[in-house]
Amino acid sequence: MTATVDSPAVAQPKPKKPLFGKKEKRAVLDPLWDHNPIALQVLGICSALAVTVKLGPTLAMCAAVIFVLCASNVVVSLLRRMIPSNIRIIVMLTVISSLVTVVSLVLNAFMYDISKQLSVFIALIVTNCIVLGRAEAFAMANGPWRSFLDGLGNAVGYAWILIAVAIVREVGGSGKLLDMQIIPAAWYSTGVQDPGYINNGLMLLAPGAFLLLGILVWVQRGISGYTEEN
Amino acid sequence: MIALMLAQAPDPNSLAGLTGLAMKAIFVENILLAFFLGMCSYLAVSKRVDTALGLGAAVIFVLTITVPVNWVIYNFILREGALSWLGMPDTDLTYLGLIFYIAVIAAMVQIVEMAIDKYSQTLYAALGIFLPLIAVNCAILGASLFMQERDYSLAQSTVFGFSSGIGWALAIISMAAIRQKLRTANVPASLRGLGITFIVTGLIAMAFMTFSGIQIK
């Protein structure tokens, strides 16, 4: 390692890397579909389902994950040459839990209602496998700019699945979206007339989330052609 | 309905109260099936019953230890006014909770691993490889966070830790048994693996919801 750094070949000025070349583009776009962290890599599902009953808290959760993932990737990438490899997990966890503490205090201060609804799930971003997984697999081996893009791509890949699940759950379960009535009130039974529409209560419960995510994964894999053994 | 339950509830620290808490943590509010905690290792390690048993036992073990330990840390160090025994009654270190809990969990996992290695080789052979996985299992951290949020007593947090572990183990073992049977089933190609696991988990969660009306008096 030191020998290569000292050798004259590397000491020459490096060719200038493009700020947004092919590799950077791949770092952002791959996790959106082809290597989606939830649907294909099976990471970060722990917190994915609990917060998706309504769209509002889901959006807050997604913003928190995007911030934590980008920031932790950048910080870990900046520190990567200083972290001894045998204690790297502890260092990464410390970085991540400090960032999550910041997010949770900000939410407490400015969006108290939403932070109450999300309860422990903001704090549980610490053990979200995507964050630690990207720090370990990408940020430890790449520069800060590329790590930032990789964090952004993975966080958005995580966010769109959450948002899709949340939209279906909120519209199906309570007929609302962001607390606005989407299903026309005339469809519901009024006691006099009964047009026959009722909300699907299953959507609001835990099993509904599991079934929906199962179906979403099925559709995503059906289109992208990915299969695995049982 | 919640108000009704509160009105009838026995003293939470009595035997009846603790049994009720245990039943609730195992069946009604199963940490995996109702709160989705510990999904990652649940999905990864539920392919065979024997490994699921090993991981389940390790989770029960670690949860029973870490929740009370974190209770002591929260109530004697972090909580507002908790440091009055040091003569600092105005200090509020609650914001350090997350870092403390994760450090305690990582350290406890390490200590438990070393202790098992020293005293019981057979147990180590069974649990050894699963213990490092557990440090980042959200069920472990989640139980400590619920302990803080719900303001449990020491007895309650011990019972809560233990029975959350039982509930988690129950879910992963039943899932592993189903997945072993599923191997011979003809599942559509892109539904195999993750997709069908989710759908089966949804059905198990639905089955567990039937416990929700039960009350222990």
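The basis for the numbers below is simple: all heavy atoms, side chains too, and nothing from hydrogens, waters or symmetry mates. The sequence lines fix the lettering, A, B, ..., with proteins before strands; numbering per chain opens at 1.
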*Counting heavy atoms not belonging to W218(A), are there more than 12 under 6.0 Å from its CH2?*
no

*Return the minimal non-hydrogen interatomic distance between G202(B) and F210(A), and the atom names on each side.*
CA-CB, 3.4 Å

*Might you point out which heavy atoms bring S97(A) and L98(B) nearest each other, and give the distance in Å?*
O-CD2, 4.1 Å

*Which heavy atom of R221(A) sits nearest a heavy atom of R192(B), and at what distance?*
NH1-O, 3.5 Å

*Tell me, side chain or backbone of Y101(B) under 4.5 Å from chain A's heavy atoms, or both, or neither?*
neither

*Mind ranking L141(B), I99(B), L194(B) by heavy-atom pairs under 4.5 Å with chain A and telling me who comes out on top?*
L194(B)

_For F138(A), is the CZ atom crowded, meaning more than 12 foreign heavy atoms sit under 6.0 Å from it?_
yes

_For the student: nearest non-hydrogen atoms of C138(B) and L124(A), plus distance_ = O-CD2, 3.7 Å

*When only pairs under 4.5 Å are counted, which of P207(A), G214(A), A206(A) shares the most heavy-atom pairs with chain B?*
P207(A)

*Can you tell me if CZ on R150(B) sees more than 12 non-hydrogen neighbours from other groups inside 6.0 Å?*
yes

*When only pairs under 4.5 Å are counted, which of L212(A), V100(A), L205(A), V219(A) shares the most heavy-atom pairs with chain B?*
L205(A)

*Any side-chain heavy-atom pair of Y95(B) and V102(A) under 4.5 Å*: no

*Which atoms of L202(A) come close to chain B, meaning under 4.5 Å heavy atom to heavy atom: side chain ones, backbone ones, both, or neither?*
side chain

*Taking the six-membered ring for Trp, are F121(A) and F146(B) parallel (under 30°), tilted (30 to 60°) or perpendicular (over 60°)?*
perpendicular

*Against chain A, work out which of L96(B), I199(B), I204(B) has the most heavy-atom pairs shorter than 4.5 Å and name it.*
I199(B)

